[in-house]
Amino acid sequence: MSLPQSRHPLRDLRVRLRHAGRICVFSGAGMSAESGIPTFRDAQTGLWARFDPMQLASAEGFRADPAQVWDWYAMRREGVRQAQPNAGHVALAAYARRHPGRLRIVTQNVDDLHQRAGCAEVIRLHGDILADRWLDPCAHAGAADAPVCEVDPAAPDARPPRCRHCGNLLRPAVVWFGENLPYDALTAAEAAVSEADVLLVVGTSGSVWPAAGLVARARHAGAHVVIINPQATEIDEEAHLVLSATAARMLPRLFDPL
Ligand code: OAD
C-alpha cells in the first residue's frame, strides 16, 4: 500500500532527511554509472548483456579458465582505477562529514568510489574488486610449521599469480555467483537498514538476493523507503516513494546543503 503521493515530494523528502536521526543509503551499480563504470543488467550497456556471468563471475568459471577470468577482472579493475567519484558519491561524503555518525552506506558495488569520495565506513556486501584472495585453503594448512601461501616471486605477473609452495591461485576478493556474502558485512547491513529512519535505495535493480531483501527488512522495521533509479526495479513496491532520477543528479539535490 503506497502512501498518497505528496505534491512536493522532494521538498518533503528533504524535510524528512533534515530531521532523520539515521539515514542509510543502499547502493548498486547505478550509483557508479555516471562515473563510467558499467552496470550489470542495463540493456545493451550492462556487463551481463555482453559477458556470461556464470563463465566470468563464478568459482566454476574461474577454475575452468583462470586466465580468462583474471584478465576480465584486470580490465574491470583498470576501469575502476580510471573512474572518479561522481556528484552523487561526493554529496553523500560531504553530508557524512557535516553530520558524523548519521549516514550509513551499504553497497553491493565492488568499486571504491564511495570511499574515494570520502565515506570512511562503507559496508561492502559483495567484496572489493581491487583486492585479491587465495582460491582455496593452503594445501599445507595444519601441517607443522607449514608455509603460508605466497605469490611465486619468479612469476609475479602470472595470470593469475600462483602460490610458490602449493600452486594455489589468487582470485579477485569479490563474491561470485553461488558464494555466500561475508557474514559480518551482511549482519552489519541488516542492522544498518533496520535502524534507519530513511533508507535511500540508489541504482540497484533489486534482482540479487540476499542483498535485495534488505529493502523489505528496512520497510518492516519502520524506515521510510525511497528508491532513486531512472528505471523501474523489482523492489519498487517496497518503496514509499520512487524517484525516477539518476544518482549524480538527485543526491546533490537531496543532500546539499543539509
Ligand atoms: P544492475 O545492473 O542489476 O542494476 C543497475 C541499476 O542501476 C538498474 O536498475 C538501472 O536502472 C540503474 N541505473 C543505471 N544508471 C543509473 C544512474 N545513473 N543512477 C541511478 N541508477 C541507475 O546492478 P545491481 O543492482 O547493483 O553481484 O546488481 C546487483 C549485483 O548483481 C551486483 O552487485 C553484482 C551483479 O551480479 C556481485 O558482484 C556479487
Side-chain angles (χ1 to χ4, degrees), residues 25-62 69 72-73 75-77 79-80 83-92 105-114 117 122-131 133 171-183 185-186 189 199-215 226-239 241-255:
V25 168
F26 174 48
S27 64
M31 180 79 226
S32 301
E34 285 151 293
S35 297
I37 297 179
T39 64
F40 295 94
R41 295 175 182 81
D42 278 324
Q44 279 84 43
T45 60
L47 287 171
W48 297 157
R50 294 172 285 149
F51 300 99
D52 175 1
M54 288 307 122
Q55 189 182 349
L56 293 171
S58 71
E60 295 74 20
F62 180 72
V69 176
W72 188 66
Y73 276 90
M75 178 266 293
R76 288 181 58 197
R77 283 169 169 174
V80 168
Q84 293 302 319
N86 61 52
H89 298 105
V90 171
L92 293 178
I105 293 184
V106 175
T107 191
Q108 299 171 93
N109 297 341
V110 293
D111 65 55
D112 61 345
L113 296 185
H114 281 302
V122 176
I123 299 170
R124 308 177 84 156
L125 293 172
H126 293 160
D128 175 359
I129 198 170
L130 299 179
R133 67 177 177 84
R171 52 159 287 179
V174 299
V175 175
W176 278 334
F177 286 101
E179 295 183 331
N180 292 326
L181 273 60
Y183 175 81
L186 184 56
L199 176 72
L200 300 178
V201 184
V202 185
T204 182
S205 60
S207 53
V208 170
W209 294 73
L214 292 170
V215 180
V226 180
I227 287 178
I228 298 171
N229 195 317
Q231 306 289 333
T233 80
E234 296 184 22
I235 47 176
D236 279 1
E237 73 279 357
E238 296 294 351
L241 173 66
V242 176
L243 297 175
S244 178
T246 71
R249 296 179 64 82
M250 180 52 67
L251 291 172
R253 292 182 66 186
L254 292 177
F255 283 92

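One-based numbering, in listed order, for ligands and for the atoms of each. No hydrogens, no waters, no symmetry mates; every other heavy atom, side chains included, goes into these values.
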What class does the angle between the rings of His114 and His89 fall in, given that below 30° is parallel, 30 to 60° is tilted and above 60° is perpendicular?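 Aromatic pair His114/His89 classed perpendicular.
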Measure from every N or O atom of ligand 1 to the protein's N or O atoms and keep only the pairs below 3.5 Å, writing each with atom names and distance to 0.1 Å.
unit_1   : atom_1 : unit_2 : atom_2 : d
ligand 1 : 2 (O)  : Phe40  : N      : 2.7
ligand 1 : 2 (O)  : Arg41  : N      : 2.7
ligand 1 : 3 (O)  : Arg41  : NH1    : 2.8
ligand 1 : 3 (O)  : Ser205 : OG     : 2.6
ligand 1 : 4 (O)  : Ser205 : N      : 3.4
ligand 1 : 7 (O)  : Gly203 : O      : 3.3
ligand 1 : 9 (O)  : Asn229 : ND2    : 2.9
ligand 1 : 11 (O) : Asn229 : OD1    : 2.7
ligand 1 : 18 (N) : Glu34  : OE1    : 2.9
ligand 1 : 19 (N) : Gly30  : O      : 3.3
ligand 1 : 19 (N) : Ala247 : N      : 3.0
ligand 1 : 25 (O) : Thr204 : OG1    : 2.7
ligand 1 : 25 (O) : Ser205 : N      : 2.9
ligand 1 : 25 (O) : Ser205 : OG     : 3.3
ligand 1 : 26 (O) : Ala29  : N      : 2.8
ligand 1 : 28 (O) : Arg41  : NH1    : 3.1
ligand 1 : 31 (O) : Arg41  : NH1    : 2.9
ligand 1 : 31 (O) : Arg41  : NH2    : 3.1
ligand 1 : 33 (O) : Gln108 : O      : 3.2
ligand 1 : 33 (O) : His126 : ND1    : 2.8
ligand 1 : 36 (O) : Arg41  : NH2    : 3.4
ligand 1 : 36 (O) : Trp48  : NE1    : 3.3

Could you go through the side chain to side chain donor-acceptor pair (under 3.5 Å) check for Thr39 and Asp42 one step at a time? CA-CA 6 Å; Thr39 64; Asp42 278 324; 2.7 Å; yes
Please tabulate, for side-chain N and O atoms in residues 205-212, each donor-acceptor pair with protein atoms closer than 3.5 Å (sequence neighbours left out).
unit_1 : atom_1 : unit_2 : atom_2 : d
Ser205 : OG     : Ser207 : OG     : 2.6
Ser207 : OG     : Arg41  : NE     : 3.4

With a 4.5 Å cut-off on side-chain heavy atoms, are Thr45 and Pro38 touching?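 Contact flag for Pro38/Thr45 side chains = no.
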Here's a test for you: under side chain to side chain contact (heavy atoms under 4.5 Å, CB included), which of Ile123, Ile105, Val201 qualifies with Phe26?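 Looking at Ile123, Ile105, Val201, the match for Phe26 under the side chain to side chain contact (heavy atoms under 4.5 Å, CB included) is Val201.
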Please say whether more than 12 non-hydrogen atoms of neighbouring residues, nucleotides or ligands are located less than 6.0 Å from CZ in Arg253.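 Count not over threshold, so no.
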